[in-house]
Amino acid sequence: MELWKLFTTALIPVLKVLIITGLGTFLALHRFNILRESARKHLNALVYFVFTPALICSILAKTITFKSLAMVWFMPLNILLTFIIGTALGWLCLKITKAAPDMQGLVLGCCAAGNQGNMPLIIIPAVCKESGSPFGAVNVCNTKGMSYASLSMAISNIYIWTFVYQIIRVYSCRNFNVNKVDSPTVGPVSAMEADLENHSSTPEVTAPQTNDLVTPFKTDTVSKEKQITKPLRTLVKRLNLKILLAPPTLGSFVGLIIGVVPPFKKMFVGDDAPFRVVEDSASMLGDACIPAMTLLVGANLLNGLKRSGLKPSVLVGIIVVRYIALPIIGVFIVKGAIRYGIIHQDPLYHFILLLQYALPPAISISTITQLFGAGETECSIVMLVTNVCASFTLTLWSTFFMWLVL
């Protein structure tokens, strides 16, 4: 592809994100006040509980098969490496820029998690539909590309809602002194943790003083039960198992099961599927996920422009990590895997693996910060600046990646 065509291909999806972000800011203006604070919280809860799991589940159910899953086994490892390396580089960024304590979770999250959800879903079809696409026929390229991109989105969401969620959760609890309330006010509130908290605050039970011979036995029994169950309760609470059952993660698991197991796929996917209305309904709900998340980013930006504690050096550090350091490291990792025959020879697959290292921060981070009420305004500024930069960096890196894999 010619450079100017590639520039247009990479620029258009980023401009879409910026336009919708601007609309979110417009709707949050005091004059209109459509996306007021209460509305943002409710919309954010819808994104978390309904739209995101529906989107992931519907795409995976339609595009993933057992054969395609076996061929792309390297992708989960590759995405995990982007998270681990990004976190390490984010930690260095914190040390160099000396970011404020309440910004540390946000910085680590933005450096660790790339926007592997909606960005590949927009970029890959755009690349495939361009005339003279280097990845072959439009239909074949689009089918394979959407399969790769949807799997990338599902895996990334699992990592985000387990790994990055925990990072922001820990730092928000530490800095805002809410250790007794580990769950956010709007979002994945866990009944399990509430029960644990109630148990820990319940006064000790003593046996009635009716029989001096029976009382010591009952007291000892209660004491022994406490000694056994207390470590177990503490372990469950520290593991925070609710995140493993978070709606986006459950949506990924359900979509993978439907896609991989042929009888389930015949039941839910296809024109002749008896329960196709379920999959169609999930797909309709999922279509609202990306616009809703992007509108929230724009709405939160308005407050961030008025009062933000984000240092310019921190913002520069995030940009350097995501658009310079990570892509360079990714080139060595993917090219090494290609050279030693670890991954199958598909240029489009190689391109997506490389692209995973050069994406802007995940928009889901804005959802997480909104859930905890910690750094959401600063997160919106990060999203705005990094997406503006992505309009140029994605073009340059995409050009280089295509030249590298073809």
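We're numbering straight along the sequence, starting at 1.
- In this structure, Met293 CE and Leu43 CG are separated by 10.5 Å, a value rounded to the nearest 0.5 Å.
- Heavy-atom minimum distance, Pro120 versus Leu359: CG-CD1, 4.1 Å.
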>> Test side-chain hydrogen bond (donor to acceptor under 3.5 Å, both in side chains) on Ser152 and Gln116; report intermediate values, then the result.
In response: CA-CA 6 Å; Ser152 172; Gln116 300 184 37; 3.2 Å; yes
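- By the 4.5 Å heavy-atom criterion applied to side chains, Glu37 and Lys41 are counted as neighbours.
- Ser156 places no side-chain N or O within donor-acceptor distance of the main-chain N or O of Met153, the cut-off being under 3.5 Å.
- Once rounded to the nearest 0.5 Å, the distance linking CD1 of Ile324 with CD1 of Ile319 reads 9.0 Å.
- Enclosure of atom OH in Tyr340 is not indicated, since only 12 or fewer non-hydrogen atoms of other residues, nucleotides or ligands lie within 6.0 angstrom.
- Looking at Ile368 and Ile160, their side chains come closer than 4.5 Å, going by heavy atoms from C-beta outward.
- In this structure the side chain of Val331 reaches within 4.5 angstrom of the side chain of Leu404, judged on heavy atoms.
- At a threshold of 4.5 Å between non-hydrogen side-chain atoms, the residues Ile338 and Gln345 count as touching.
- Dense packing is recorded around CZ of Phe83, with more than 12 heavy atoms of other residues, nucleotides or ligands lying under 6.0 Å away.
- Shown here for Val321 and Gly86, the closest heavy-atom pair between the two residues is CG1-O, 4.4 Å.
- Within the 4.5 Å cutoff, the side chain of Ile329 has heavy atoms near those of the Leu89 side chain.
- To the nearest 0.5 Å, atom CG of residue Leu355 and atom CZ of residue Phe351 are 5.0 Å apart.
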>> Please determine whether side chain to side chain contact (heavy atoms under 4.5 Å, CB included) holds for the pair Tyr349 and Leu353, giving the CA-CA distance in whole Å, both sets of side-chain angles, and the decisive distance to 0.1 Å.
In response: CA-CA 6 Å; Tyr349 180 51; Leu353 292 178; 3.9 Å; yes
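- Here the straight-line distance linking atom OG1 of Thr82 with atom OH of Tyr159 works out to 8.5 Å at 0.5 Å rounding.
- The two atoms that bring Val385 and Leu315 nearest to each other are CG2-CD2, 3.7 Å, heavy atoms only.
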>> side chain to side chain contact (heavy atoms under 4.5 Å, CB included), that's the test. Do Cys57 and Phe253 meet it? Break it down for me.
In response: CA-CA 8 Å; Cys57 181; Phe253 289 146; over 6 Å; no
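- Checked by atom type and distance alone, the side chain of Trp397 pairs as donor or acceptor with a backbone atom of Tyr323 at under 3.5 Å.
- Across all non-hydrogen atoms, the minimal contact from Val164 to Ala112 is CG2-CB, 4.4 Å.
- Taking the side chain as every heavy atom from C-beta outward, Pro53 and Leu250 never approach each other to under 4.5 Å.
- The two residues Pro360 and Thr386 come nearest to each other via the heavy atoms CB-O, 4.2 Å.
- By the neighbour-count criterion of 12 heavy atoms within 6.0 Å, atom CZ of Phe74 is densely surrounded, having more than that number from other residues, nucleotides or ligands.
- Using a 4.5 Å heavy-atom cutoff, the side chains of Met383 and Ile365 are in contact.
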> Where do Val269 and Arg276 land on the side chain to side chain contact (heavy atoms under 4.5 Å, CB included) test, with the steps shown first?
Replying inline: CA-CA 6 Å; Val269 180; Arg276 61 184 179 276; over 6 Å; no
>> Cys111 vs Ile318, test: side chain to side chain contact (heavy atoms under 4.5 Å, CB included). Steps then yes/no.
In response: CA-CA 6 Å; Cys111 291; Ile318 295 173; 4.2 Å; yes
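- Across all their heavy atoms, Phe268 and Ala273 have their closest contact at C-CB, 3.7 Å.
- Using modelled atom types, one side-chain atom of His344 and one backbone atom of Met71 make a donor-acceptor pair closer than 3.5 Å.
- If you take CD1 on Ile342 and CD1 on Ile333, they are separated by 11.0 Å, rounding to the nearest 0.5 Å.
- For the pair Met75 and Gln356, the minimum side-chain heavy-atom distance is below 4.5 Å.
- Remark: side-chain polar atoms of Thr97 are not paired, donor with acceptor, to backbone N or O of Ser313 under 3.5 angstrom.
- Of the inter-residue distances, the one linking Ser283 atom OG with Asp287 atom CG reads 5.0 Å to the nearest 0.5 angstrom.
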